[in-house]
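The next block holds one structure in the form of C-alpha cells; read it before the comments.
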Amino acid sequence: MTELTSFIAGLPKAELHVHHVGSASPRIVAELAARHEGSTPVPADPAALADYFAFRDFAHFIEVYLSVVDLIRDDEDVRTLTYEVARELARQQVRYAELTITPYSSVRRGIAAPAFCAAIEDARRSAATDFGIELRWCFDIPGEAGLASAEETLRIALEEQPDGLISFGLGGPEIGVPRPQFKPFFDKARAAGLHSVPHAGETTGPETIWDALRELGAERIGHGISAAQDPALMAHLAEHRIPLEISPTSNLRTRAVPSLDEHPLPRLVEAGVLVSINSDDPPMFGTTLEEEYAVAAKLLGLDAKGVAGLAHAAVEQSFLAPERKRELAAEIDGYLTRNA
Ligand SMILES: O=c1[nH]cnc2c1ncn2[C@@H]1O[C@H](CO)[C@@H](O)[C@H]1O
C-alpha cells in the first residue's frame, strides 16, 4: 500500500453519490441469488458475479442493475442490505453518506412502502449506533419507468417521510428520458423541503444538465461529466457553485468515458467547477470509495493535503447542518495534521 493510499484509508470521508442496491456486496448478492435460484439470471457464485458485472454499455449496466434489484423481495432483505452497506462505508472511514434509494423498484416488487421505509430507518439507526456513521436518503425516480414511477416515488416520499430522507433524484438511462417531463414532481418535492439532485450529463450531452438546472432546480448534478463539452455551462456551474457528483470508475465501466486518462475531471476542476468524488455502485464497478480517491488523486495530481481537500469538498457540498459540517471538517483537519 503506498503512503497516499494508507493516508486515504484512514481519512474521514463523506459520500454523496452511492446507490443502495448498487452497493450490495458480492457476498450479499450471491446469498440473495442462491435464495432465489432458478428465478434470477444473477449467478450465486461470487467469482461468476465478477463476470456478470462486466457491461457492454450503459443500457446493459441498467439491465444488470435491475436484475439485482429483483433479488430484493422482502423488508428483511432491505434491512440486511442497508445495514451491510453502512458497515462497508464505515470500514472506509465514511462518517456521513447520502444513499440513493429507489423505493419504486422495491414497492413494485411487492414490498409495501411503510415496511420498506421502516426497514431502511431501522438499518440507519443501527448503523449510527454500531458503526458511528450517519446515513441520509435520496429517493430517486428510475427514469426508465417514466412518469408513473415519478408519481409513486413522490407519493412515497411525501406520505412516508422517513426521518433520513433529505433529497429527491432521478436515475436510470438519460437517452430517451428527457428531464423536463419530471418538473412537476421535482417542484412538489422541493416545496416539501427535499433537495434536488438529479443525474444528468452522464451518458448524454450538456443540454441534459441545462434541463436539470432549469427545469428540476438541481442543487447538485449526478455525474454531469458532459459539462466539460460546454465552457458556458462550466462557467455557470462554477459561478453558482453547483457541484458535480463525480464517480470516475463508474464512467469507465459503463463506457461513458473510453479511459480514465480521458476522464473530464481535470478539465472540470480547471474550470473551477466544484466536484465531490464518489463510488456510485462500488461492487458492480469493482471499486471502493477509497480507490476512487486514489483515482482522483492520480488524475488531479494531488498530495495528502489535496486528497484531504476532496473529503472537505464532499462535506461542504453535503446537505448536513452547518454545525455537523464544522465538526467533520475539524476531524479531517485533525487527521491531516497528524498524518501528512
Ligand atoms: O450510474 C448510474 N446512473 C443512473 N442510474 C443508476 C446508476 N447507478 C445506479 N442507478 C440506478 O439504476 C436504477 C434504474 O433506473 C435506479 O434505481 C438508479 O438509482
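Whatever order the structure lists ligands and atoms in, that order sets their numbers, starting from 1. Computed from a predicted structure; not experimentally measured.
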Discussion item. Would H17 count as a polar contact of ligand 1, with the cut-off being nitrogen or oxygen pairs under 3.5 Å?
Written reply: no

F116-Y104 aromatic ring centre distance below 6.0 Å: no

Honestly, for V21 the part within reach of ligand 1 (heavy atoms, under 4.0 Å) is neither

Counting heavy atoms under 4.0 Å, the part of F58 that contacts ligand 1 is side chain

heavy-atom search around atom 15 (O) of ligand 1 in the protein gives E144 OE1, 2.6 Å

Any N or O on T100 sitting closer than 3.5 Å to an N or O of ligand 1? no

N/O of D140 under 3.5 Å from N/O of ligand 1, yes or no? yes

G143-ligand 1 polar pair, N/O distance under 3.5 Å: no

Honestly, for V69 the part within reach of ligand 1 (heavy atoms, under 4.0 Å) is neither

Original post:
What do you reckon, is CD of Q181 surrounded by more than 12 foreign heavy atoms closer than 6.0 Å?
Top reply: yes

of all protein heavy atoms, closest to atom 5 (N) of ligand 1 is G172 N, 2.8 Å

Atoms of ligand 1 under 4.0 Å from any heavy atom of H223, numbered from 1 in the order shown, are 1 (O)

Check: Can D77 and R73 be counted as an ion pair, charged N to O under 4.0 angstrom?
Finding: no

If you scan protein heavy atoms around atom 3 (N) of ligand 1, the nearest is E202 OE1, 2.8 Å

To atom 7 (C) of ligand 1, the nearest of M284, H19, H20 on a heavy-atom basis is H19

Of all heavy-atom pairs linking E15 and V94, the shortest is N-CG1, 4.2 Å

